[in-house]
Amino acid sequence: MSKERILVVEDEEDILALVHYNLVKAGFIVDTAVSGEEGLQKALQARPDLVVLDLMLPNIDGLEVCRQLRASSNLSEVAIVMMTAKGEEEDIVKGLEYGADDYIPKPFSPQVLIARIKAVLRRKMPEKCDRNETPIVVHDLTIDPRRNRVTAAGKDIDLTVSEFKLLSQLAAKPGWVFTRTQIVDAIHGEGYAVTDRAIDVQVVGLRKKLGTCGIYIETVRGVGYRFKE
Ligand code: CA
C-alpha cells in the first residue's frame, strides 16, 4: 500500500512539532504549514490525501481554509480533520457544514489523532460505491433503500418517509457526525419546511420506533447526530 500524504496546518509550533513527529512515526508522509495561506499553497503543491487543520489560525482561519479547499476543483475530495479548542462548538458545526470530515478537540493524545485520521481515510474509500441501491446493514439493523424497508433486531419497522431518510443518512456513514442543517438538507423536498427543532423531535421518535436499535443514533452535544460506529 502506498503511503498516505498528510498536510498539517497549525500556527502553534509545539503542537505542530508533536503532530508531525507522531504522524511520521505512524508511517505517513507529512508536510507542514504554519498559516492558512501557506496551508492552501502547500495543499495545491503537495496534493495531500488528508489535511489536519487547526481552526484558530491568523489571517485566513481554518474555516476559510476548509471552504477554499472544498471549492478548489483539484482538492475538493481531500479528507479534512479539524483541530478545535474548547467552546468552539459553533465553529465545529460550521466546519462540518463547509465539508470537514471529522474534528478532534484539543488537547488530544497523538494516538487518538492517528486513530481518527486512519478512520477518516478508511471511510473516504467506500463512499465511492453506490450506496443508493445496496441495503445498508449495521449491527442488527438493515435498511433497504430500494424497498424503503427497515428491519431492526429481526422486526419490520414502519417509518415515515422523513424518518427513513434521516436513518439512511446517518447509517450510511457510521461514526460520521452530521449537523442538524445537513440532516435538514437531506430530508428536504417533502413540501414543508424542516427546522432544527423538528429534527430533534424526529430523532426521539425514530429511536423509540427502533426499540433496542435506538441506541445506535447518538447525540453529539452542541453539534448534531451520528450513527454508532
Ligand atoms: Ca492555532
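When a ligand or atom number is given, it counts from 1 through the structure's own listing order. Note: hydrogens, waters and symmetry copies are ignored here, and every other heavy atom, side chains too, is used.
- The hydrophobic clustering, which links ILVMFWY residues whose side-chain heavy atoms are closer than 4.5 Å, places Leu170 and Val223 apart.
- Heavy-atom contacts from other residues, nucleotides or ligands closer than 6.0 Å to NZ of Lys106 number more than 12.
- Atoms OD1 of Asp11 and OE1 of Glu10, as seen from the Ca ion (ligand 1), are separated by an angle of 70°, to the nearest 10°.
- Note on Met56: counted as a metal contact of the Ca ion (ligand 1), an N/O/S atom lying under 3.0 Å.
- The list of ring-ring contact (aromatic ring centres under 6.0 Å, His included) pairs with a residue in residues 201-229, not counting sequence neighbours, reads His139-Tyr216, Tyr216-Phe227.
- For Asp54, the N/O/S atom at the shortest distance from the Ca ion (ligand 1) is named OD2.
- Shortest distance from the Ca ion (ligand 1) to Glu12 is reached at OE2 (N/O/S atoms only).
- Linking Ile, Leu, Val, Met, Phe, Trp and Tyr whenever their side-chain heavy atoms come within less than 4.5 Å leaves Leu113 and Val9 in two separate clusters.
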